[in-house]
Enquirer: 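This is the structure I want to talk about, given as structure tokens.
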2 protein chains.
Amino acid sequence: MKKKNSTQRNREQSMQKLVDAVGKIIIRDGFKNIGINAVATEARLDKVLIYRYFGGLDGLLREFAKQRDFYIKTSELINKEVEYTGKDGLKSVIIKILTGQLRELLGSRELQELMLWEMLEKNELTGAIAREREMKGFELSMALKRKMDIRNNDSDAVIALLVSGIYYLVLRSRTVDVFNGIQLNSEEGWQKVENAIKQIVNTYFNQ
Amino acid sequence: MKKKNSTQRNREQSMQKLVDAVGKIIIRDGFKNIGINAVATEARLDKVLIYRYFGGLDGLLREFAKQRDFYIKTSELINKEVEYTGKDGLKSVIIKILTGQLRELLGSRELQELMLWEMLEKNELTGAIAREREMKGFELSMALKRKMDIRNNDSDAVIALLVSGIYYLVLRSRTVDVFNGIQLNSEEGWQKVENAIKQIVNTYFNQ
DNA sequence: AATTTTAGTCACCATTCGGTGACAAAGATA
DNA sequence: TATCTTTGTCACCGAATGGTGACTAAAATT
């Protein structure tokens, strides 16, 4: 079997076109408008290929999720920083991680759509993606806990609450301009959120 | 025109059946499965009545939203408490409000579905409902701000972050059991969240 | 060169969607 | 009693959905 790069009749290229079509639709219309017909039309290919190459829409979506690594990368990058940071520098590391997650999610429309999807449908697919991401976050919380005082066993709930707040605000900014007086569609508003994060972390982790 | 309570040919009763069908579907299948056909089937009535009595699905949904008051009631109830509370009691009032919102949202499946809906669709309907709720929350933030130190102008962002965190955790609990090590489907987990809220508020609003 | 495998197009299916017109019967009005 | 309005059922429409079988033609195998 020789591989030819002829523009016609190229299976790999067609498969990639279909995967890319998924991303385009998610960014343009959101995940809820994804369907066999929509993807095939977007890719300018016939929908029967989705069944042949991926076994159906689910398989295609799985391949899509595999290609883009959908988890918060900042966690992994800075995770080890926690280990080698003294108790004093811990606060700034936490702040760096949280603001990093804020900015990363804010910058990735695809990730936003995926997280919304996870929130209202419990697929095998969304479950798998979410599980991977949650594991990263959990590692962070555990790493923090080892550094913290043992008698303070609610630090993970505090982190969870802050991360959740970040997630909600970013996802909410898609459909609303103002939340609790915070401008969700201007850099000024996000600066205020970042400041709030810093202040909470600095005051809470001082005790 | 005499009003008769005959079981057949009763307009008001049929209208109410349609409105109730909306609620049933939202609770059972979520908002995304709401459609003309589904509502009519659930109400055991013909869909043409939805057009005649409500002008369409939108009008029916508006009536549905009007009947149930979809906003966080705790805010309104405790709002005035803020005014007549000294600076010392302020922390406990904030905690009471936040935990109240947590419990209220946790207890209302309908409200959860509605908030999810607001997050991913920008209807005239979802917009109106959201706007009303946001106003209540904003009033609270403003009332707090008046009590607080003027130089601290990020308290509203802190509140917004906490409220957002509460919203996200509750909504996430619909499709996931654990978030950051917090058990979202057990009272124990929510106790931890409440404790985290208390600790954050107590440390932050101490300065 | 002949044959088999593969990539891709096309036509079609049953189902469901939102939406509408026609019609029968019940109730109100005269 | 006769007429008119209202309530509700039914049948249908076009469009879009997910899904499949038949076919053409390119490419690989023999």
Side-chain angles (χ1 to χ4, degrees), chain A residues 1-22 24-26 28-64 117 120-126, chain B residues 1-22 24-26 28-64 117 120-126:
Chain A
M1 253 215 217
K2 286 183 183 176
K3 285 202 175 178
K4 295 213 172 182
N5 287 346
S6 61
T7 49
Q8 302 150 349
R9 303 183 68 79
N10 186 331
R11 173 169 178 158
E12 285 184 22
Q13 184 178 299
S14 293
M15 289 177 76
Q16 195 55 46
K17 273 186 186 175
L18 290 169
V19 173
D20 293 341
V22 171
K24 286 180 191 170
I25 293 178
I26 283 184
R28 172 159 35 83
D29 309 318
F31 58 90
K32 77 194 179 86
N33 290 349
I34 282 209
I36 289 279
N37 293 306
V39 173
T41 304
E42 178 70 35
R44 296 175 177 277
L45 287 170
D46 198 278
K47 58 182 170 181
V48 80
L49 300 183
I50 297 176
Y51 292 102
R52 280 225 274 263
Y53 297 156
F54 302 97
L57 187 60
D58 276 7
L60 175 56
L61 293 177
R62 228 185 312 273
E63 178 60 30
F64 170 75
W117 191 13
L120 59 88
E121 245 174 301
K122 208 175 178 174
N123 294 339
E124 175 202 352
L125 175 64
T126 58
Chain B
M1 255 217 216
K2 285 183 184 177
K3 284 202 176 179
K4 296 212 171 183
N5 286 345
S6 61
T7 49
Q8 303 150 348
R9 302 185 68 77
N10 186 331
R11 172 168 179 157
E12 286 184 23
Q13 184 177 300
S14 294
M15 290 177 76
Q16 194 55 46
K17 274 185 185 175
L18 289 169
V19 172
D20 292 341
V22 171
K24 286 179 191 171
I25 293 178
I26 284 184
R28 173 160 33 84
D29 309 317
F31 59 89
K32 76 193 179 88
N33 290 349
I34 282 211
I36 289 279
N37 293 306
V39 174
T41 303
E42 178 71 35
R44 295 176 178 277
L45 287 169
D46 199 277
K47 57 182 171 180
V48 80
L49 301 182
I50 297 176
Y51 293 101
R52 281 224 272 264
Y53 296 156
F54 303 97
L57 187 59
D58 275 8
L60 175 56
L61 292 177
R62 229 185 312 273
E63 177 60 29
F64 170 75
W117 191 11
L120 58 89
E121 247 174 300
K122 209 173 179 176
N123 294 337
E124 175 202 354
L125 174 63
T126 58

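Throughout, protein chains are lettered first and strands after them, A, B, ... in sequence-line order, and every chain is numbered starting at 1.
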Enquirer: Here's a test for you: under side chain to side chain contact (heavy atoms under 4.5 Å, CB included), which of B/I34, B/V39, B/V22 qualifies with B/F64?
Expert: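 Testing B/F64 for a side chain to side chain contact (heavy atoms under 4.5 Å, CB included) against B/I34, B/V39, B/V22 leaves exactly one candidate, B/V22.
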
Enquirer: Closest approach of A/L125 and A/R62, non-hydrogen atoms and distance?
Expert: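 Minimum heavy-atom separation between A/L125 and A/R62: CD1-CA, 3.8 Å.
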
Enquirer: Taking atom P of D/dC10 as reference, at what distance in whole Å does atom CG of B/L45 sit?
Expert: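 Atom-to-atom, B/L45 to D/dC10, this comes out as 12 Å.
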
Enquirer: Taking all non-hydrogen atoms of both residues, which atom of A/L60 and which atom of A/F54 are closest, and how far apart?
Expert: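 Scanning both residues, the minimum pair turns out to be N-CB, 3.5 Å.
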
Enquirer: Of all the heavy-atom pairs spanning A/N33 and A/A38, show the shortest one and how long it is.
Expert: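 Scanning both residues completely, I find the closest heavy atoms to be O-CB, 3.9 Å.
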
Enquirer: So, is A/S14 near the phosphate of C/dA7, with a side-chain N or O under 4.0 Å from OP1 or OP2?
Expert: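 Looking at the OP1 and OP2 atoms of C/dA7, neither is under 4.0 Å from any side-chain N or O of A/S14.
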
Enquirer: Could you state the atom-to-atom distance from CZ of A/R44 to C1' of C/dA7 in whole Å?
Expert: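 Rounded to the whole Å, the gap is 19 Å.
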
Enquirer: Side-chain N or O of B/Y53 versus OP1/OP2 of D/dT6: is the shortest distance under 4.0 Å?
Expert: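 Answer is no, no contact under 4.0 Å.
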
Enquirer: From CG of B/L18 over to P of D/dT7, roughly how many Å is that when rounded to an integer?
Expert: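 Computing the B/L18:CG to D/dT7:P distance gives 13 Å.
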
Enquirer: When you measure from the side-chain N and O atoms of A/R9 to the phosphate of C/dG8, is any distance below 4.0 Å, counting only OP1 and OP2?
Expert: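 A/R9 to C/dG8 OP1/OP2: no side-chain N or O under 4.0 Å.
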
Enquirer: What is the distance, rounded to the nearest whole Å, between atom CD1 of B/I50 and atom C1' of D/dG8?
Expert: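 So the two atoms are 13 Å apart, to the nearest Å.
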
Enquirer: Whole-Å distance between C/dC23 P and B/L49 CG?
Expert: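 Taking CG of B/L49 and P of C/dC23, I get 19 Å after rounding.
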
Enquirer: Given side chains that start at C-beta, do those of B/K32 and A/E121 come closer than 4.5 Å, heavy atoms only?
Expert: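 In contact.
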
Enquirer: When the distance from CZ of B/R52 to P of D/dG8 is rounded to whole Å, what number comes out?
Expert: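 B/R52 atom CZ is separated from D/dG8 atom P by 9 Å.
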
Enquirer: At under 4.0 Å between heavy atoms, how does the protein contact nucleotides 10-18 of chain C? Give one character per nucleotide, 5' to 3', with B, S or -.
Expert: B------BB

Enquirer: Identify the two heavy atoms, one from B/N123 and one from B/W117, that lie closest to each other, and give their separation to 0.1 Å.
Expert: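 Between these two residues, the closest heavy atoms are ND2-CZ2, 3.3 Å.
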
Enquirer: Whole-Å distance between D/dA27 P and A/Q13 CD?
Expert: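 After rounding, the gap between these two atoms is 13 Å.
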
Enquirer: Separation of A/L60 atom CG from D/dG18 atom C1', in whole Å?
Expert: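 One finds 14 Å between C1' of D/dG18 and CG of A/L60, rounded.
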
Enquirer: Can you pull out every salt bridge (charged side-chain N to carboxylate O under 4.0 Å, His left out) where at least one residue sits in residues 39-57 of chain A? Sequence neighbours excluded, please.
Expert: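 As it turns out, the salt bridge (charged side-chain N to carboxylate O under 4.0 Å, His left out) pairs with a partner in residues 39-57 of chain A, which skip direct neighbours, are A/R28-A/E42.
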
